[in-house]
Amino acid sequence: MEFTVQQIADLLQGSVEGDNTVKVSTLAKIEEAQAGALAFLSNSKYEPFLYTSGASAVIVAEKLELKKPVAATLIRVEDPYTSFSVLLHYYQTALIASKVGVEEPAFIGAGSQIGDGHYRGAFSYIGQNCTIGENVRIFPQVYIGDSVKIGDNTTIFAGAKLYTNTVVGSNCTIHAGAVLGSDGFGFAPQPDGSYKAIPQIGNVVLGDDVSIGANTTIDCATMGATLIGQGSKIDNLVQVAHNVEVGKHTVIAAQAGISGSAKLGNNCVIAGQAGIVGHISLADKTTVGAQSGVSKTVKEPGTIIQGSPAFDYKQNLRAMTVFRKLPELQRELELLKEKV
Amino acid sequence: MEFTVQQIADLLQGSVEGDNTVKVSTLAKIEEAQAGALAFLSNSKYEPFLYTSGASAVIVAEKLELKKPVAATLIRVEDPYTSFSVLLHYYQTALIASKVGVEEPAFIGAGSQIGDGHYRGAFSYIGQNCTIGENVRIFPQVYIGDSVKIGDNTTIFAGAKLYTNTVVGSNCTIHAGAVLGSDGFGFAPQPDGSYKAIPQIGNVVLGDDVSIGANTTIDCATMGATLIGQGSKIDNLVQVAHNVEVGKHTVIAAQAGISGSAKLGNNCVIAGQAGIVGHISLADKTTVGAQSGVSKTVKEPGTIIQGSPAFDYKQNLRAMTVFRKLPELQRELELLKEKV
Amino acid sequence: MEFTVQQIADLLQGSVEGDNTVKVSTLAKIEEAQAGALAFLSNSKYEPFLYTSGASAVIVAEKLELKKPVAATLIRVEDPYTSFSVLLHYYQTALIASKVGVEEPAFIGAGSQIGDGHYRGAFSYIGQNCTIGENVRIFPQVYIGDSVKIGDNTTIFAGAKLYTNTVVGSNCTIHAGAVLGSDGFGFAPQPDGSYKAIPQIGNVVLGDDVSIGANTTIDCATMGATLIGQGSKIDNLVQVAHNVEVGKHTVIAAQAGISGSAKLGNNCVIAGQAGIVGHISLADKTTVGAQSGVSKTVKEPGTIIQGSPAFDYKQNLRAMTVFRKLPELQRELELLKEKV
């Protein structure tokens with residue numbers, strides 16, 4: 001995609017200073033931008049880069065006063081950061097939207113329906129009796145089992161796998177290699193020490209506006225549904241076990257793990273590599289620190305916890321401060337014992 | 001799949017109370033069940049739901065005395081929980097068994113053999129000289145390298161990858177995105193600070209009745225085999241490094257990691273996000289707590305350890321209790337020093 | 001692949017003792033080797049196995065004096081370990097090199113170019129305008145998005161996914177299921193408690209000689225590139241977030257996680273399950289212990305840290321030693337208080 005500076009200025013309702021026929025084809029940071037790139041200057045800390053940047057064009061503030069000559073064409077707008085964000089959204093949306101139609105071979109089972117404006121990449125698989133909305137992008141090698149339902153405007157990247165009966169809302173993004181609906185890890189111990197699998201016949205249900213990271217796994221419920229609420233965002237390599245319920249607008253960072261039947265409230269933040277044990281609840285707006293292990297229900301909304309096992313993060317911080325000095329503490333105690 | 005209540009009652013050797021022509025097509029919990037669903041009532045705590053449930057039919061105990069009228073058709077059996085479990089197994093088995101035959105395009109290399117009753121999904125790949133048993137289900141986009149051996153009745157879900165020379169037993173389940181046989185992480189440091197890959201020419205061998213979770217990775221041995229013993233169950237996103245040996249009926253929960261050449265005994269339980277360092281052994285029936293880091297061999301069968309690094313879990317619990325009070329302990333020590 | 005012992009001896013410039021027409025088809029450890037296998041004896045601790053081994057042939061030192069009769073044919077060389085390593089490299093290289101040509105169906109988009117000597121497995125996907133070097137092996141079900149660049153002699157195993165604009169150097173190995181270029185985890189909180197995705201339009205750039213483990217995920221940069229430097233080796237299930245920069249010859253073990261915009265120096269070692277918070281730097285040759293959580297920049301090259309949060313590993317070791325004795329320490333303090 002290539003645009004003239006004038007086209008971009010028109011889009012942003014800005015004014016051009018310099019050659020308005022210059023063409024740009026990518027967006028870049030001002031300190032890294034090269035020919036063909038459009039950058040922006042918002043924070044005055046970066047102003048020195050304006051005079052040395054290789055960018056073909058730079059978005060700057062209307063009121064900026066130049067201290068030296070500038071090689072790049074300028075686009076003057078009221079708020080350069082906001083204008084640049086608008087362009088970023090255009091750029092990413094255009095990239096995805098450029099994928100339309102069906103690349104053969106692609107498989108679609110009997111009784112499945114898919115709405116207008118969709119993309120089905122080569123080697124993608126859709127089972128039987130699926131109901132898929134409009135403008136859905138299904139990238140190559142995606143697997144969609146039987147009787148899956150997917151809302152409008154959802155994008156599923158290469159090689160993601162949705163088991164039979166999975167339900168996905170509208171405007172969701174599922175990244176490459178994510179697995180939704182694998183069997184919950186449930187095994188009944190037998191008298192001889194072996195284990196027998198407990199059938200897992202439930203499914204996974206994602207609300208609207210949910211994002212699932214690359215290679216993340218979400219198990220189906222034993223019965224009923226493993227639920228990810230509207231607007232929740234899950235990072236890469238996260239494990240969500242069977243019958244977990246995640247509320248709305250909750251964020252789970254990479255490599256965190258949520259054990260079976262745990263319930264997370266709305267607007268929680270679970271940091272990276274944290275673990276939540278099974279069958280507990282976290283109140284709304286609970287924050288769990290990185291690498292923490294949460295073993296008890298959190299009842300008070302807005303609680304912040306840290307540690308493995310996790311407790312109040314300020315207490316944890318103080319305890320960790322003393323932990324580092326434990327050898328000295330021990331020595332002081334020894335000295336005192338001798339004295340007494 | 002749709003059945004009349006009478007058909008199910010016959011299967012369970014139960015008696016029908018109400019309309020025996022009612023049809024059910026799914027199984028659900030009594031508190032969530034809607035029209036078309038069959039539920040069960042085992043624990044009397046849930047009896048109130050019997051009188052309000054939307055289920056079309058409910059399995060109840062022969063001896064249950066109704067306190068109110070019930071809308072659903074009842075199936076009376078001796079033990080509702082056991083009867084329901086039987087149905088769950090039927091249901092899950094039927095779902096898998098309904099997949100038979102070959103969906104084109106599917107790839108199979110020269111010299112490979114596969115037994116009767118199999119399913120090969122579209123875009124599945126089988127290399128050369130593979131030997132695959134009967135009733136094996138190979139879902140779409142599965143990759144099976146050259147010279148792989150797979151026993152009877154094994155199911156491999158969408159997009160799992162088995163490198164060349166992998167051996168899988170009978171009655172195994174391998175979930176979506178799992179990788180068996182990737183190179184062990186072995187690099188020899190060179191004098192210039194760079195690393196040279198040590199060839200990894202061994203393989204991965206799974207015994208019978210093994211379950212491997214979604215996106216779990218098991219590396220091939222440098223030479224010989226990385227072994228997962230009969231009946232062992234491995235959850236999602238677990239890392240098993242080269243030359244590891246896991247015994248029989250050992251359970252490894254999600255996101256745990258087993259480093260190179262570690263040996264786990266039989267009937268061990270490794271909780272979520274735990275790590276085991278390389279070249280150590282765990283005795284039979286060792287239990288490792290969540291997020292623990294095991295750095296030493298465990299010789300005593302039945303040992304329970306916790307912490308990072310891990311030690312006796314009761315000691316760890318007591319130490320953690322004091323850990324939280326460290327700031328107070330420090331203050332008390334200061335006061336005492338002043339006094340003395 | 002089958003060779004006579006004489007062929008192998010010629011390759012290694014060694015001399016044959018016994019039947020030089022014996023054929024071998026695999027390599028094995030001397031204590032596990034069976035008929036058809038070639039083993040080696042380097043460490044004298046293993047000499048007893050020489051007299052009982054089922055190997056068809058064994059590589060031994062020129063100067064070795066036999067204490068008993070040996071069934072296997074011997075190949076005498078100066079340094080058995082080095083000679084065996086040479087064979088291992090031959091073996092692994094031959095396995096990969098045997099894959100040449102295109103297995104249909106394979107997809108390649110308009111404007112993409114790929115050099116001589118390549119392999120493209122069935123169901124592999126290459127988007128538009130890609131530039132791929134010579135002798136590149138693309139295994140089945142690999143996904144390569146648009147405008148991707150890949151250097152010579154790189155191998156990409158089954159089902160790995162490279163998003164649009166990814167750049168991979170020469171002599172790289174990318175294992176099954178790895179994902180390069182998924183969206184960075186960036187969401188702007190909105191006044192109503194919901195989150196809005198921040199477009200992630202950058203890419204992932206791997207230097208030459210980089211190895212990426214199975215099911216590892218590397219996110220694209222928000223703008224610019226997430227960089228993995230030349231010769232760095234990343235194990236399985238590792239998470240590398242957006243805008244991270246990893247130096248040269250740095251090793252990251254399984255299940256470690258590197259948060260956004262962190263910068264790792266050259267020749268660092270990050271052990272398994274460790275986590276690095278965002279926006280910090282690690283000096284060259286920093287070593288981070290297993291399960292550690294690094295929350296601060298490390299300025300001193302060669303620093304070794306451990307713990308969550310991580311600090312000097314020797315201090316951590318001493319503090320952990322006292323941690324185990326905390327209950328006793330508390331009791332002693334109580335006793336002392338009573339005395340005073």
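Lettering follows sequence order; numbering is per chain, from 1. Since the structure is predicted, the reported quantities are computational estimates derived from the model, not experimental observations.
No donor-acceptor pair closer than 3.5 Å links the side chain of A:N215 to the backbone N or O of C:V179. Distance alone, capped at 3.5 Å, places no donor-acceptor pair between the C:Q141 side chain and the A:G159 backbone. Between the side chain of A:Q92 and the main chain of C:I201, no donor-acceptor pair closer than 3.5 Å is present.
Only the side chain of A:P105 comes within less than 4.5 Å of a heavy atom in chain C; its backbone stays farther off. Of the two parts of C:T216, only the backbone, made up of N, CA, C and O, holds a non-hydrogen atom closer than 4.5 Å to a non-hydrogen atom of chain A. For A:N267, the part sitting under 4.5 Å from any heavy atom of chain C is the side chain, from C-beta outward, and nothing else. Looking at A:Q230, neither its backbone nor its side chain comes within 4.5 Å of chain C, counting heavy atoms on both sides. Looking at A:A28, only its backbone comes within 4.5 Å of chain C, counting heavy atoms on both sides. Interface remark: A:S211 contributes side-chain atoms only to the contact with chain C (heavy atom separation under 4.5 Å). Only the side chain of A:V269 comes within less than 4.5 Å of a heavy atom of chain C; its backbone N, CA, C and O stay farther away. Neither the backbone nor the side chain of C:A122 comes within less than 4.5 Å of any heavy atom of chain A. In this structure, no portion of C:V277 lies under 4.5 Å from any heavy atom of chain A.
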- request: Carefully, step by step, assess A:L88 and C:T222 under the rule side-chain contact (heavy atoms from CB on, under 4.5 Å).
  value: CA-CA 10 Å; A:L88 280 171; C:T222 307; 5.6 Å; no

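When each of A:Q273, A:Q306, A:Q291 is tested with C:S308 by the rule side chain to side chain donor-acceptor pair (under 3.5 Å), just one qualifies, namely A:Q291.
Residues of residues 316-325 of chain A that come closer than 4.5 Å to chain C, counting heavy atoms only, are A:M320, A:F323, A:R324, ordered by residue number. Residue-level contacts of residues 331-340 of chain A with chain C, in order of numbering, are A:L333, A:E334, A:L336, A:K337, A:V340; threshold 4.5 Å between heavy atoms.
Under the rule for a salt bridge (Lys or Arg N to Asp or Glu O under 4.0 Å), the partners of C:E245 that lie at least two apart in sequence or sit in another chain are C:K263. Applying the ring-ring contact (aromatic ring centres under 6.0 Å, His included) criterion to A:Y143, with sequence neighbours excluded, gives A:Y125.
Chain C forms more heavy-atom pairs under 4.5 Å with one residue of A:E32, A:K29, A:K233 than with any other, namely A:K233.
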